[in-house]
Structure formats: structure tokens, C-alpha cells
Amino acid sequence: MLGRRLRVGALKCGMIFGACAVLAGCGGDSSSGSDERSTSVAREWNEVLLQGIRNDFARPTVHARNLFHTSSAMYDAWAVYDSTASTYLLGKTIGDDFSCALDELAEPRALLLSTQEAREEAISYAAYRLILYRFRLSPKVLDTEDLANELMAELGYDASNKSTDYSDGSPAALGNHIAECYIDFGLQDGSNEGGFFGNNYYIERNPPIKPQIPGNPDIVDRDVWQRIQLNQFIDQSGNPIGSNIPFLGPEWGQVESFALGGAPKTTYQRDGFNYQVYYPQTAVPPPTATSDAYKQGFSLVTTWSSHLDPSDGVMVDISPATLGSADNIDASYYPDPEDFDGYSAFYDRLAGGDPSTGYAKNPFTGEAYEPQMVPRGDYARVLAEFWADGPDSETPPGHWNTIVNEISDHPELKKRFEGTGNELGPLEWDIKTYFALNGAMHDSAIAAWGIKGWYDYIRPLSAIRAMADLGQSSDPNLTASYHPDGIPLEPGFIEVVTEDDPPSLRGGDGRHVDKIKVLAWKGPNFISNPDTDTAGVGWIRAERWWPYQRPTFVSPPFAGYISGHSTFSRAAAELLTALTGSAYFPGGKSGFVAKQNEFLVFEEGPSQDVTLEWATYRDASDQCSLSRIWGGIHPPADDIPGRLIGREIGPRAFELAKKYYNGEM
């Protein structure tokens with residue numbers, strides 16, 4: 001069961017993510033002669049890295065890359081001492097011409113070290129140096145440095161040793177050399193790290209939207225992303241980052257990938273830049289503002305916003321008995337990515353959710369899953385907050401690392417590669433898991449943001465307000481409110497303001513009559529104290545519609561199509577299914593407890609304890625995807641292609657990782 005993630009100031013003996021992180025000399029088996037340390041050094045460095053991400057700016061692309069490069073640096077430091085495995089960057093050439101030298105390596109026994117001790121030392125120096133470099137400009141760099149220095153001291157290593165001369169077999173020098181290679185590699189991998197990951201070619205095509213001002217009066221192109229202008233923008237890691245935030249990573253499709261070489265790809269040119277669109281048969285052009293699919297998709301987001309009230313009396317069973325289905329393994333479960341009109345049959349437009357049917361029983365226990373009835377408004381709000389990763393975010397790729405760490409700690413997990421053969425030791429399991437998982441996370445960021453950059457697609461906040469500004473598109477007989485490109489009416493959810501509405505809707509002088517009203521979450525203006533207040537759901541003018549997000553964040557600073565959350569999560573789910581040899585979480589169930597009136601960040605709630613539950617990794621992934629619709633961040637058109645592309649990326653990354661493990665590279 002995933003516990004509430006602790007924001008630790010330093011790694012110490014104790015409970016971290018619900019599991020004891022045992023440092024050398026801090027209890028447990030501290031032997032370094034074999035792979036028996038109860039918590040591996042790779043896990044300890046992964047925890048430092050995740051905390052470094054939480055201390056940094058919330059940048060999913062950048063941190064997917066940080067996770068992969070650190071994981072592959074640790075993998076190289078492990079594999080170089082293995083008689084079978086191939087290294088990834090060490091001793092290899094990546095891309096067109098980047099090489100990381102590997103001279104003859106002296107036996108670590110010359111230094112009276114076992115192979116395991118040499119591995120742990122090389123891993124630690126590689127991770128330490130790379131983390132210090134990558135987070136040197138972080139707003140909380142000193143906190144991250146303290147964590148890294150404390151772990152080096154606990155492990156008994158000299159952090160001042162910066163030598164890269166490993167000719168005598170020094171694992172510390174080898175680790176430093178590996179880190180140096182990754183630092184140099186990162187400066188030429190297409191990410192523009194030297195330019196602080198800034199954009200060189202992308203040009204915005206819309207003026208910003210100002211959410212505190214009704215409507216979207218300044219929009220020029222209703223198909224295209226708008227940045228958000230606020231008095232103060234605070235990212236998901238809690239960092240103030242200005243008031244007018246540009247598109248994060250529209251050129252990320254050019255970054256050197258892990259396993260996307262040979263994947264289907266089309267190159268498009270705009271403004272002097274070649275945008276790389278992977279899986280173009282799935283990443284088809286999204287619906288345009290004049291299409292019914294556009295209008296139906298974005299209006300569904302407002303309808304689901306009406307589900308965010310725990311007092312509306314609607315109760316739902318959120319256990320695996322009802323949610324989740326083996327059908328999601330079948331390719332026919334999802335609509336054709338080009339059939340945007342067919343999405344309406346996949347999603348329950350009025351009640352919320354997808355075609356999940358649940359499971360008859362837990363395959364591990366043989367018993368039926370116990371139902372869990374909760375208010376739908378609590379479930380939807382907790383989903384939106386949990387999968388958004390909260391105000392201290394490790395971002396979606398980091399979130400899947402925390403989930404993986406929980407899986408690895410589960411007493412019923414047998415650490416057998418692909419579910420067969422002998423159990424692996426903690427270090428080998430973690431090294432191989434992080435390398436494969438974060439290769440998939442890195443590739444997911446490259447694929448998703450390459451598509452985001454090219455299609456540059458609008459977010460619900462902009463689209464819903466812009467449609468409502470035009471009027472309604474359902475009834476041409478209501479001439480005062482009709483526009484063919486307006487928002488479609490949905491009785492009980494999307495209607496026209498009339499003289500019979502209260503002054504809060506029609507205005508004291510009736511000036512808002514014939515505008516559009518929606519039954520939706522009422523927004524941040526109805527919350528004075530987030531510790532005690534709940535905005536609730538009610539009729540509001542659509543020109544004042546808000547996503548279910550903090551008022552200092554509102555919507556991510558990059559285009560919507562395709563959903564990064566859907567891509568990351570499905571890739572992770574597919575990879576974990578292959579890695580563990582089972583579609584199911586250990587024991588047939590995992591989840592997360594959101595405590596009553598403690599979990600939600602920007603309003604009070606949930607009104608009772610809510611336990612998110614998943615039988616399979618794919619169930620968790622699908623739940624993540626749905627959370628972004630309830631949160632007002634994505635329409636269905638963003639979701640399905642993200643799931644389908646993630647489903648391609650996960651197995652592709654895993655199969656390539658296997659070739660490295662088997663020495664085939």
C-alpha cells in the first residue's frame with residue numbers, strides 16, 4: 001500500500017515511502033561482499049534523486065532525462081564489473097559521434113575490494129557527481145547537496161575525491177569518469193542544457209489567457225495553446241516562477257532517446273525547426289475548433305467538473321471489483337486514435353469513467369475484492385490531486401519511481417526477472433529496474449513533447465472559455481446565443497442563462513442573459529481558507545470556468561495533445577508487467593490512502609478516507625489518465641493517443657534493456 005509520501009530533510013534510518021531505507025552501518029545487513037544489503041545503494045541514490053527533483057523546478061521532460069541518465073550511469077557502474085552485461089554509455093558511442101572512453105580496467109581485488117564493494121563505490125560516485133551537477137542551479141540546491149553529502153558520509157566514501165584516473169582499478173575514479181561522460185553527453189544530446197533547456201525556434205501563436213478575467217477575449221487561434229498569465233505562477237514543486245510562463249520543451253522531440261531509434265517517426269518543419277513526431281499513425285492531427293469532436297470533447301471536461309462535489313449524494317465503488325478490467329490488455333479496448341467521434345462511446349459522458357468492469361476475484365488470494373463505496377466527488381478530487389503529484393512534485397516519471405520502490409519493498413514480490421528464474425539480489429534488481437523504467441520514462445517525454453511541440457494544441461481552460469464566448473452550437477432557434485462553433489448544450493450541465501436565473505448568473509441588469517452557464521466546480525474564488533473551505537459545485541457562467549487546480553498553477557505550461565501523464569503511465573505499466581512477469585501488483589492489489597480532510601491541497605477534503613486501489617499496473621495507469629480529465633487538464637482527444645503510444649514505448653524500452661543485460665549490445 002502506497003503511504004503518503006514523506007518530504008524528508010535528509011535520508012536517515014527510518015520509514016521513507018513506507019519502507020526502511022537502511023544505510024550502511026544503520027541497521028540491517030551492512031555486508032558489501034555480496035548483493036545482500038537490504039536496501040541497495042542504487043535505491044538510496046534513487047531516493048536522493050527523487051528528493052532533488054522535488055527540490056527543483058517542476059519540469060517533467062528534464063527530470064525524465066535526469067532519472068534516465070542517473071539510472072544508466074549507475075547501470076554502467078554495475079555492468080562494467082559483470083561478465084555478461086553490456087554497458088550503455090561507458091565504452092560506447094551513442095548517437096552520431098559521442099563516445100565515452102573505457103580503458104583497460106584493473107581488477108578491484110588489487111585494492112582489496114570485492115566485486116560488490118567495487119560496484120557500490122563506483123555507483124555511488126557516479127550518482128553523486130551527476131546529481132550535484134544536474135541540480136547545481138536548483139532553487140533548493142543546498143538541500144539536495146546536503147542529502148547527497150550525508151549519504152556519501154553514511155556509506156563511508158570521500159566526497160572530495162574527484163579523481164577520474166581509474167587505471168589502478170579505483171571504483172571511485174571510475175564512477176567519477178562515468179559521471180563526467182554523462183555530463184558531457186548531456187551538453188550535446190539535443191536538450192539545450194547549456195541554454196537552460198530554453199526554446200530556440202518555437203513561436204507562440206496566441207496571446208496569453210488571463211484566468212481572473214472572464215472569458216478568453218484575446219484568443220486568435222482556437223486550435224492552439226495559450227500560455228497563462230497570472231500575478232504569480234507557482235509550479236507543482238512550490239517554486240514561484242514568474243507571471244508569464246512560456247512553453248516548456250516544445251523542441252524536446254530532438255533529444256537523444258533510449259529506445260526510439262527505428263520507431264515510426266515523421267519529421268515536420270515549422271519556423272526553421274524540424275519537429276519529430278513519433279508514432280504518427282497514432283499521433284494524428286487532433287480535432288479542430290470547427291469539428292463536433294472538438295466541441296464534444298472539451299464540453300465533456302466541463303460535465304465531469306460537475307462530479308467534484310462530495311455532497312451530491314452520488315456514491316461509487318472504486319475497488320477492483322468494479323474498476324479495472326483485463327479487457328485493457330486487448331488492443332480493441334481503446335477506440336481507433338483517428339476516430340475522435342468514437343471517443344464518446346468509450347467515456348461515460350454524464351457519470352464519468354470508462355468501460356471498466358472489474359475483476360471477479362484476486363488471483364493471488366482467490367477471494368473477491370471487497371467493495372469500497374465513496375462519494376464520487378471525493379474520488380474524483382483525490383484522483384486529480386494524487387496523480388498531479390501535489391505541490392511538492394517529483395513529476396509523473398518520478399512518481400512512477402516511487403511506485404516502483406513500493407513494489408520492490410512489497411513482501412510478496414519475488415524479484416525474478418520477467419517472473420522466472422532465481423531471485424535477484426537487491427542491487428541487481430534495482431539497477432535493472434531503474435535502467436529499464438527510466439529509459440521508458442525518458443522516451444515517453446521525448447515522444448509526447450515532440451508531439452506537443454508540433455501540434456501545439458489548446459488546453460481546456462482556453463477552449464471552453466473561447467467556445468462559451470461564442471455561444472451555444474446546439475439550437476439555432478435560440479438566435480441570441482447561437483454560434484455554430486459554440487459549446488454544445490447538455491441539459492442539466494450546459495445551458496443558456498435566462499431571465500429566470502439568479503442575479504449571480506444573469507447579472508443585476510440582465511447583461512449576462514443568453515451567455516452560457518455550466519454546472520461545474522465553482523473555482524478558487526469560492527475558497528478563502530483551503531484548510532476549511534470547499535468550493536463545491538454549482539451553476540456558474542462558463543466564462544468563469546476553472547480547472548480543478550490551484551489558482552497559482554491552473555494548467556501546465558505546455559500544449560495538451562498528447563497527454564504526458566497518459567504516455568508516462570501506460571509506458572510504466574507495460575514495462576512493469578514485462579519486468580515482473582505479472583500484470584498484477586504483488587498480492588493482487590496496491591493503492592494509496594487519502595486521509596479525511598488532510599490530503600487535498602487547495603480545498604478541504606476528502607470528506608472521508610478514500611483509498612485508491614489498483615489490481616494491475618494498467619489499472620493504475622488508466623486511473624491516472626482519467627484523473628487529468630476530472631482535473632480539467634485534458635479532453636479525451638489528448639488521452640487515448642497518449643495511452644496507445646505509451647503502450648508501444650514500454651515494451652520497446654524493456655526489450656532493449658534486456659539486450660544490454662544479456663550482453664547483446
Side-chain angles (χ1 to χ4, degrees), residues 8 11-52 67-82 85 87-88 108 113-128 130-131 147-148 150-157 171-172 174-175 178-179 398 400-411 413-417 422-439 576 579-580 586 657 660-661:
V8 294
L11 286 175
K12 299 179 180 178
C13 244
M15 299 302 291
I16 298 178
F17 307 129
C20 185
V22 184
L23 305 182
C26 188
D29 183 359
S30 61
S31 168
S32 296
S34 61
D35 192 353
E36 297 176 354
R37 188 192 296 273
S38 56
T39 300
S40 74
V41 294
R43 167 67 176 274
E44 291 166 353
W45 284 110
N46 179 263
E47 299 282 15
V48 172
L49 175 58
L50 289 172
Q51 194 60 32
L67 283 158
F68 175 58
H69 285 184
T70 305
S71 298
S72 53
M74 294 195 296
Y75 169 77
D76 280 352
W78 179 88
V80 73
Y81 293 104
D82 191 81
T87 55
Y88 174 69
L113 294 175
S114 69
T115 298
Q116 185 69 10
E117 288 171 324
R119 278 175 162 163
E120 291 181 348
E121 187 171 324
I123 286 167
S124 295
Y125 276 89
Y128 175 73
L130 187 55
I131 288 171
L147 285 172
E150 180 177 340
L151 181 53
M152 287 291 278
E154 292 280 3
L155 293 168
Y157 301 137
L174 179 62
I178 291 170
W400 278 98
N401 276 249
T402 68
I403 291 173
V404 160
N405 288 340
E406 292 285 345
I407 293 167
S408 295
D409 291 336
H410 198 287
L413 175 70
K414 303 300 181 185
K415 296 180 179 178
R416 298 189 178 103
F417 190 73
N422 297 325
E423 283 200 68
L424 305 183
L427 180 61
E428 183 175 358
W429 174 264
D430 288 341
I431 284 289
K432 290 182 174 179
T433 298
Y434 294 142
F435 180 61
L437 172 69
N438 290 319
L576 292 173
L579 175 71
T580 64
Y660 282 101
Y661 306 154

Open item on the list: I want to check something: taking the side chain as every heavy atom from C-beta on, are Tyr128 and Leu151 in contact at a cut-off of under 4.5 Å?
Closed with: no

Open item on the list: So Thr87 and Ile178, do their side chains get closer than 4.5 Å, heavy atoms only?
Closed with: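 No; the side chains remain at least 4.5 Å from each other.
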
Open item on the list: Would Asp35 and Trp429 count as a side-chain contact (heavy atoms from CB on, under 4.5 Å) here? Give the steps.
Closed with: CA-CA 10 Å; Asp35 192 353; Trp429 174 264; over 6 Å; no

Compare every heavy atom of [Y] with every heavy atom of [X], then report the nearest pair and how far apart it is.
X: Pro108; Y: Ala118; answer: CB-CB, 3.6 Å
X: Ser408; Y: Leu413; answer: CA-CD2, 3.6 Å
X: Tyr88; Y: Asp76; answer: N-OD1, 2.6 Å
X: Met74; Y: Trp45; answer: SD-CB, 3.9 Å
X: Arg43; Y: Asp409; answer: NH2-OD2, 2.8 Å
X: Ala436; Y: Ala657; answer: CB-CB, 3.8 Å

- [ ] Would you check, one step at a time, whether the test side-chain hydrogen bond (donor to acceptor under 3.5 Å, both in side chains) holds for Gln116 with Ser114?
- [x] CA-CA 5 Å; Gln116 185 69 10; Ser114 69; over 6 Å; no

Task: Worked check of side-chain contact (heavy atoms from CB on, under 4.5 Å) between Asp430 and Val41 - done: CA-CA 9 Å; Asp430 288 341; Val41 294; over 6 Å; no

Task: Residue from Glu44, Glu120, Glu117 passing salt bridge (Lys or Arg N to Asp or Glu O under 4.0 Å) with Arg37 - done: Glu120

Open item on the list: Can you classify the ring geometry of Tyr75 versus Phe435 as parallel (below 30°), tilted (30 to 60°) or perpendicular (above 60°)?
Closed with: parallel

[atom1]-[atom2] distance between [X] and [Y], expressed to the nearest 0.5 angstrom:
X: Thr580; Y: Ile407; atom1: OG1; atom2: CD1; result: 7.5 Å
X: Ile403; Y: Leu437; atom1: CD1; atom2: CG; result: 9.5 Å
X: Leu155; Y: Glu150; atom1: CG; atom2: CD; result: 10.5 Å
X: Arg416; Y: Asn422; atom1: CZ; atom2: CG; result: 8.0 Å

Task: Distance-only polar pair, side chains of Asn405 and Tyr434, donor-acceptor under 3.5 Å - done: yes

Open item on the list: Pairing donors with acceptors under 3.5 angstrom, does anything connect the side chains of Asn46 and Asn401?
Closed with: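 Their side chains do contain a donor-acceptor pair, which is all the 3.5 Å distance test asks for.
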
Task: Pair Tyr661 and Phe417, ring centroids less than 6.0 Å apart - done: yes

TODO: Apply side-chain contact (heavy atoms from CB on, under 4.5 Å) to Arg119 and Asp82, showing your working.
DONE: CA-CA 10 Å; Arg119 278 175 162 163; Asp82 191 81; 3.2 Å; yes

- [ ] Please check if the side chain of Thr70 supplies one atom and the backbone of Leu67 the other of a donor-acceptor pair under 3.5 Å.
- [x]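 Not a single qualifying donor-acceptor pair exists.
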
Open item on the list: Does Ile123 form a side-chain contact (heavy atoms from CB on, under 4.5 Å) with Leu427? I'd like the steps, not just the answer.
Closed with: CA-CA 10 Å; Ile123 286 167; Leu427 180 61; 3.9 Å; yes

